[in-house]
J.: 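Before we start, here is the structure in question, set down as structure tokens.
Keep in mind that what you see is a predicted model, and the values were worked out from it rather than measured. Just so it is clear: chains get the letters A, B, ... in the order the sequence lines come, proteins before strands, and each one is counted from 1.
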2 protein chains.
Amino acid sequence: MFKEKKLLKIPGPTPIPTRVVRAMEQPMIGHRSTDFSLILQEVTRKCKGVFQTMNDLFVLTSSGTGGLETAVVNTISPGDKVLVASTGVFGERFAKLGAIYGARVEKIKTEPGRAVDPEAIRDKLDKEPDIKGVFVTHNETSTGVQNDCAAIGRILKERDALFIVDAVSSLGAVDIRTDEWGIDILVTGSQKAFMLPPGLAMINVSQKAWEVVNAVDTPRFYFDLRAMRDRAPKQTPFTPNVTLTLGLLEALNMIEEEGLTNIFRRHEIMQTMTRSAFKAMGLELLAEDDCASKTVTAVKGPKGLNVDGFRKVLDSKYNISIAGGQGDLKGKIFRVAHMGYTDYMETIMTIAGIELALKDMGYPVELAVGVRKAQEVLINESPGS
Amino acid sequence: MFKEKKLLKIPGPTPIPTRVVRAMEQPMIGHRSTDFSLILQEVTRKCKGVFQTMNDLFVLTSSGTGGLETAVVNTISPGDKVLVASTGVFGERFAKLGAIYGARVEKIKTEPGRAVDPEAIRDKLDKEPDIKGVFVTHNETSTGVQNDCAAIGRILKERDALFIVDAVSSLGAVDIRTDEWGIDILVTGSQKAFMLPPGLAMINVSQKAWEVVNAVDTPRFYFDLRAMRDRAPKQTPFTPNVTLTLGLLEALNMIEEEGLTNIFRRHEIMQTMTRSAFKAMGLELLAEDDCASKTVTAVKGPKGLNVDGFRKVLDSKYNISIAGGQGDLKGKIFRVAHMGYTDYMETIMTIAGIELALKDMGYPVELAVGVRKAQEVLINESPGS
């Protein structure tokens, strides 16, 4: 068992390419130097390409949650009414953040494994036109669900409410057309599809959002978008994580080299391989096909299986690390990521390991039945060389 | 397709652990410094453990072939008669080396895929008692054959002839009892089971061998064992590869941590998984079970398969690199290594990829039939955590 060969299939942090590690090994440079300023500008420009935005974009030294807090404190004044589409743990976190800053939070909460119905958002907005912002988790990591931000965007386009999206666990892996879909603020993090360690968040701000940001009177300092704008594009207001910024540049180079279209396709194929394999193994998926996450698949633990014991065997005996359930789903599901710096053969290896660990746990799975299905999907999709 | 994720399953060079890479990144030190001297002594001591020898041992800055040449030039005077057990390309190389230095080379040559019969060596020695040395390739990489050095050693123990063994592609993966089996000189290289880049050879010399070394009058300088002995244990006669020596120390630390017994067992399980999988796929193996290499498996290309085209597909489409045939076997076999820094799940991934590439080439393989067999072997062997 080689510790360094541990296959990290949790929905973030995800594996780091050696190229990125090497970039982060460069000697430290001053964050007010011209060298760093040029890197920051290049990083910002390349990030905008991944965001598919022409609007302002900032790189924050914080985890993704810091990015979400930035979205909240800059757009909510106490007493504002906001609507949160809550499809799981991260939707709830969005709601909690709003409440802490004094928002009147309305929620549309779905059953675990279901996406929010865009029409429900339309109805709510029609009935309550004083809603100032709609917060949506694009990819709900806790349930493996993807919300339809294109459709929600179409509904919001004709209205004043801001469209604020948490895409921490999907941007860079999934096609998200920030400007085209009318997303005013989109937040993502470094440790998912961006193939970096945790520690950075990226956030964009539309012109429509700036008007709100300028008017909001919630106290904020570190997360003040106005301070970021004042120092952009050449500087950050406070000391940035220089090392991760160097890594981000290299990760963005890798993303450019592979090409966004190829990256999206790779994730779709890995998703289909994974979901088809689990179905072939007789396991039930938490999310339906029509709203399934492209970066993480949640699987219901079959009757009688000690899910966390199973994960432990998979980790200790087969060197593959997957995630369990969060909140109410703890002990009831397991979650397999297919996100970021990972590929088809690792997907197959993961499935083979899951079959073995299930067998070890006494679950009556036929060995290789999932692997075969994943192979069939792969060969039919013919990704070429 | 991530270039850095290429699964290197050729019989050397093999994958390098990050720990070893990091060790090799240490700042350069002088090769005559006390620091280096201490490292060299520690490396030599730990290498002796892997060799299972109490005799002298030297680390050479050369490839494995340099180590073999060292064995030859220090033990053969022009006109000496030697016996070479030739089971393939590397046996032939041993014979060629002997001939170049003026030896009268007798050969026992086997069919590809067969080991040498120890009794044939006994007969030869009985008939020709003037044979000064017996040269055996312990692990014939070109055919995936392991020769029975324990049995050959028993035959040689009662005789004057030196027992000289090429274990370049097996030492550190397979149980070789250098002293117990009476091996006078054993040669290995850094780029196989030792988990290092190419560039070092390791060689031991028994007391019996020293008597010959001291008497031999073949001109030698860089490869002169006497010069090495004169500077040992604190120095090398010429500038050593400092970086690889630092890496070797870390690799030896990893070998100690895993433990030789566990390493041998891991290679046996990977061998059984691989061979069982190919048989289940209906492919014919070049070596019989009773003489099969524990580090590399040679597979006969099935009728009609363009073997090198198949390897190309496996490499370019599934990111797995395996070897083809050498010499007369070129285009007729492919060779899959299970050697060094690799594990069970990578073995499964390799088999899954081979199935896919065979399918792409039109060979009628049933997907996952090999994977299932490998999984069954693994689960039955229960390697534990």
J.: Find the one option among D360(A), T350(A), T342(A), D343(A) whose heavy-atom pairs under 4.5 Å with chain B are most numerous.
T.: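 So the answer, after comparing D360(A), T350(A), T342(A), D343(A), is T342(A).
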J.: Check the surroundings of atom NZ in K279(B): do more than 12 heavy atoms from other residues, nucleotides or ligands lie under 6.0 Å from it?
T.: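 Enclosed.
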J.: Of the backbone (N, CA, C, O) and the side chain (C-beta and beyond), which part of I320(A) lies under 4.5 Å from a heavy atom of chain B, both, or neither?
T.: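 It is the side chain, since no backbone atom gets that close.
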J.: Using side-chain heavy atoms (C-beta onward) and a distance below 4.5 Å, is K5(B) in contact with M345(A)?
T.: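 In short, these two side chains do not touch, never coming nearer than 4.5 Å.
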J.: Heavy-atom count around K6(B) NZ within 6.0 Å, excluding the residue itself: above 12?
T.: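 Yes.
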J.: Against chain B, work out which of E376(A), K359(A), E4(A) has the most heavy-atom pairs shorter than 4.5 Å and name it.
T.: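 That would be E4(A).
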J.: With sequence neighbours excluded, give me every salt bridge (Lys or Arg N to Asp or Glu O under 4.0 Å) pair touching residues 242-254 of chain A.
T.: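 Listed once each, the pairs are R19(A)-E250(A).
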J.: Answer yes or no: is there a side-chain heavy-atom contact under 4.5 Å between Y344(A) and N319(B)?
T.: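 Answer no - side chains too far apart.
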J.: Write out, in numerical order, the residues from residues 365-375 of chain B with a heavy atom short of 4.5 Å from a heavy atom in chain A.
T.: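 Counting heavy atoms that sit under 4.5 Å from chain A, the residues of residues 365-375 of chain B involved are E366(B), L367(B), A368(B), V371(B), R372(B), Q375(B).
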J.: Would you check if L356(B) and I348(A) make a side-chain contact, meaning some heavy-atom pair closer than 4.5 Å?
T.: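 Yes, close enough: below the 4.5 Å cut-off.
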J.: Could you check whether any side-chain heavy atom of E346(A) comes within less than 4.5 Å of a side-chain heavy atom of F2(B), counting everything from C-beta outward?
T.: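 The answer is no, as the side chains (C-beta and beyond) never meet within the 4.5 Å cut-off.
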J.: Atom NZ of K317(A) and atom CG of L378(B): how far apart are they, to the nearest 0.5 Å?
T.: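 Result: 7.0 Å between the selected atoms.
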